[in-house]
Amino acid sequence: SALATATKSVVFPLLLAPITDLLIEFRKTLYRYDAEASIQGGIAHHRRILERIRAGDVDGARAAMRSHLDQARNLEHARQIREMSGGSVP
């Protein structure tokens, strides 16, 4: 939400608003599965994204965001596999 506002785009916050609650629930699920990887990885990725944005590095920011999304997708995939194999997910 802060990033959406920082873009100074009228459209981006409007696009993000409908999925904000879903993103929060997704984060909570990952935090319950692997809190350290979720939180520390998320912070590191957010830091890289912000650094690239501040540097005006569009390609770098895009790559950092893609890496962040890949990390979240990998954690979710691992959580699903663990759940399907009978492992407990808090």
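Predicted model, so just to flag it, every value in this text is computed and none were measured. Index from 1, following the sequence.
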Nearest 0.5 Å, what's the [atom1]-[atom2] distance between [X] and [Y]?
X: T29; Y: I24; atom1: OG1; atom2: CD1; result: 12.0 Å
X: M84; Y: Q80; atom1: CE; atom2: CD; result: 7.0 Å
X: H77; Y: R82; atom1: NE2; atom2: CZ; result: 15.0 Å

(request) Using a strict cut-off of less than 4.0 Å between a Lys/Arg side-chain nitrogen and an Asp/Glu carboxylate oxygen, indicate whether E25 and K28 qualify as a salt bridge. (result) yes
(message) Could you work out, with side-chain hydrogen bond (donor to acceptor under 3.5 Å, both in side chains) as the rule, every residue matching N74, not counting sequence neighbours?
(response) none
(request) Keeping to residues at least two apart or across chains, list the salt bridge (Lys or Arg N to Asp or Glu O under 4.0 Å) pairs with something in residues 38-56. (result) R52-D57
(message) Show every salt bridge (Lys or Arg N to Asp or Glu O under 4.0 Å) that has at least one partner inside residues 6-23, sequence neighbours left out.
(response) none
(request) Each residue besides L15 in its hydrophobic cluster should be listed here, by chain and number; the cluster joins Ile, Leu, Val, Met, Phe, Trp and Tyr at side-chain heavy-atom distances under 4.5 Å. (result) V11
Please list, one pair per line, the donor and acceptor atoms closer than 3.5 Å that link side chains of residues 61-68 to other protein atoms, with sequence neighbours excluded.
{"unit_1": "R62", "atom_1": "NH1", "unit_2": "D59", "atom_2": "OD1", "d": "3.1"}
{"unit_1": "S67", "atom_1": "OG", "unit_2": "H45", "atom_2": "NE2", "d": "3.2"}
{"unit_1": "H68", "atom_1": "NE2", "unit_2": "H46", "atom_2": "NE2", "d": "3.1"}

(request) Evaluate the criterion side chain to side chain contact (heavy atoms under 4.5 Å, CB included) for residue pair I53 and V58; output intermediate values, then yes/no. (result) CA-CA 7 Å; I53 290 170; V58 174; over 6 Å; no
